[in-house]
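Here's the structure we're looking at; comments come further down.
Just so it is clear: chains get the letters A, B, ... in the order the sequence lines come, proteins before strands, and each one is counted from 1. Nothing here was measured: the structure is a model prediction, and the numbers come from that model.
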There are 2 protein chains.
Amino acid sequence: MSTCETCAVRNRAICSSLDGGEIQALSSMGRRRTVAAGEPLIWEDDDSLLVANVIDGVLKLTTSTEDGREQIVGVAYPSDFIGRPFGQTSRATVVALTDARVCVFARNDFDRFAREHPELEHKLLERTLAELDRTRSWMMLLGRKTAPEKIATFLLDMSDRYGDVSACTTFRAPAKLFTLPFSRQQVADLLGLTIETVSRQFTKLKQDGVIGLPSRREVEILNRPALSALAG
Amino acid sequence: MSTCETCAVRNRAICSSLDGGEIQALSSMGRRRTVAAGEPLIWEDDDSLLVANVIDGVLKLTTSTEDGREQIVGVAYPSDFIGRPFGQTSRATVVALTDARVCVFARNDFDRFAREHPELEHKLLERTLAELDRTRSWMMLLGRKTAPEKIATFLLDMSDRYGDVSACTTFRAPAKLFTLPFSRQQVADLLGLTIETVSRQFTKLKQDGVIGLPSRREVEILNRPALSALAG
DNA sequence: CGATAACTTGACGGCGGTCAAGCGGCGTGG
DNA sequence: CCACGCCGCTTGACCGCCGTCAAGTTATCG
């Protein structure tokens, strides 16, 4: 039995392509589970056994070198799809950044179901293409931007992500004040920097009056044009 | 009228999902064209009007900052699919690195056709997922690897890409000697380095006897284990 | 054979990484 | 309620990698 009807992401996740009967069939294959902050869900280079929809919370996708250097290669928010369908192994580790709820499926089951439901595959394709676009623009940041540019770009990105949709349904105003789901180290892993450089750049922006830092995880945008100019 | 039956990538491109009648319909919508080395095919932030299959040649996908810094975010080889279906704008510029032949479609036509042919969309999905995997592992390189590690990783990557399939159909032996489709500047744009750093690292590897450089575009792998060790 | 572009090499400096110490907020336990 | 300790973060000093600028060299093509 399922709670799909009342699911918070019912109309945004790839499931939105399915009608009542179909979603019943899909939900009978999956199950909900919670992932505590810091807890892994999928391991890099492991057999790809799981795929999932994110219902609530934020998770990071990372890859690591043998000597322990880490790079965050993606971030999954509610309604995002995670895992590697149609492939033997997962190429990224998935770890929850906040307490999270996900809707997990055995990859084999999901693959079979998806191939029988083209509308679902289409939604997944659109999502994957959009994710590839985002990933590629992040490559630009990693390969060619300086530390101040990286930080500014990141903050604007977060501000948009946590924007307010209340005013208007089509336009989402960027948030002035928001809470980061990342620690300083995780920001560093996202931007290809060290924690010290991240800290110094935050302090610099605060001193220059561009941002405020009410608490460790909170950021307030005080001078958006300045931040945009810095973003490169 | 079409030459799909004799197309060099007929069995590897996404078209391989289509039967005779279907491919006839698709090919009637598209046309072949050549793209000279250095010539662009798609522009960043332009309306996404074109998609294409690569028949022959190599193309680069790039994004640029306003002040002219460039990052190569992808490389398309024969049988690869390029362009942005199901989206209003293309987020990368596509430029031919070598003289190339492509099979182009108006995006609108392609989108409509794809939605009517789930097997084609499935192939496209598998390709996109694989490309996302590759792109993410490249993020690791851009964000966390040093210049020597980047160069070593790049050369091993190229060696695999140009491997010989003659010996065995399932296993592709990495190439000892191969010709780069990239100039030094393009290698720099791929790795997030400057042309000078690329040049110096090549020279260093040559001096150390790890590689040979018979000509500007050719590379010979002399000590693969050493290169693997350097790749990080 | 000359012109031009692509590449190499050298000198130098700055950005950001490394190492180390200090700070502060929060939770725990006395 | 306060003392303490821990962990995440900040700050400082230093330095090395790699970017910048400039000159020299080698391929390529008309």
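Phosphate contact (OP1/OP2 of D:dC17, side-chain N/O of B:T197, threshold under 4.0 Å): absent. Side-chain nitrogen and oxygen atoms of B:T194 include none within less than 4.0 Å of the OP1 or OP2 phosphate oxygen of D:dC18.
Taking atom CG of A:L213 as the reference point, atom P of D:dC9 lies 12 Å away to the nearest angstrom. The separation between B:L193 atom CG and C:dC7 atom P is 15 Å, rounded to whole Å. At whole-Å resolution of the value, CD in A:E218 and P in C:dG25 are 14 Å apart. Taking atom NZ of A:K204 as the reference point, atom C1' of C:dG16 lies 15 Å away to the nearest angstrom. Between B:L205 atom CG and C:dC7 atom P the separation is 17 Å, expressed in whole Å. Atom-to-atom, NZ of B:K145 to C1' of D:dC18 comes out at 18 Å; the value is rounded to the nearest Å.
Contact check on A:K60 versus A:E70 returns a salt bridge, with a Lys/Arg side-chain nitrogen under 4.0 Å from an Asp/Glu carboxylate oxygen.
Side-chain atoms of B:R107 come within 3.5 Å of backbone atoms of B:G87 as a donor-acceptor pair (strictly under, hydrogens ignored).
Annotation for B:L50 and B:L41: closest pair CD1-O, 4.0 Å, computed over non-hydrogen atoms.
Residues A:P148 and B:F202 each lie close to DNA chain C; by heavy-atom proximity, the contact nearer the 5' end of the strand is made by B:F202.
For C:dC7, its base never sits under 3.5 Å from the side chain of B:E196 at any donor and acceptor pair. For a distance-only test at 3.5 Å, the side chain of A:R184 fails to qualify as a donor-acceptor partner of the base of D:dT11. Looking at B:R216, its side chain comes within 3.5 Å of the base of D:dT26 through a donor and an acceptor atom.
Note on A:S199: a base of the nucleic acid sits closer than 4.0 angstrom, heavy atoms only. Residue contacts shown for A:T146 are limited to sugar-phosphate atoms, with no base heavy atom under 4.0 Å away.
Using a 4.5 Å cut-off on side-chain heavy atoms (C-beta onward), B:F105 and B:N53 make contact.
When distances are taken from the side chain of B:R200 to each of D:dC18, D:dC9, D:dG19, the shortest belongs to D:dG19. Side-chain proximity of B:I195 to C:dG17, D:dT10, C:dT8: nearest is C:dT8.
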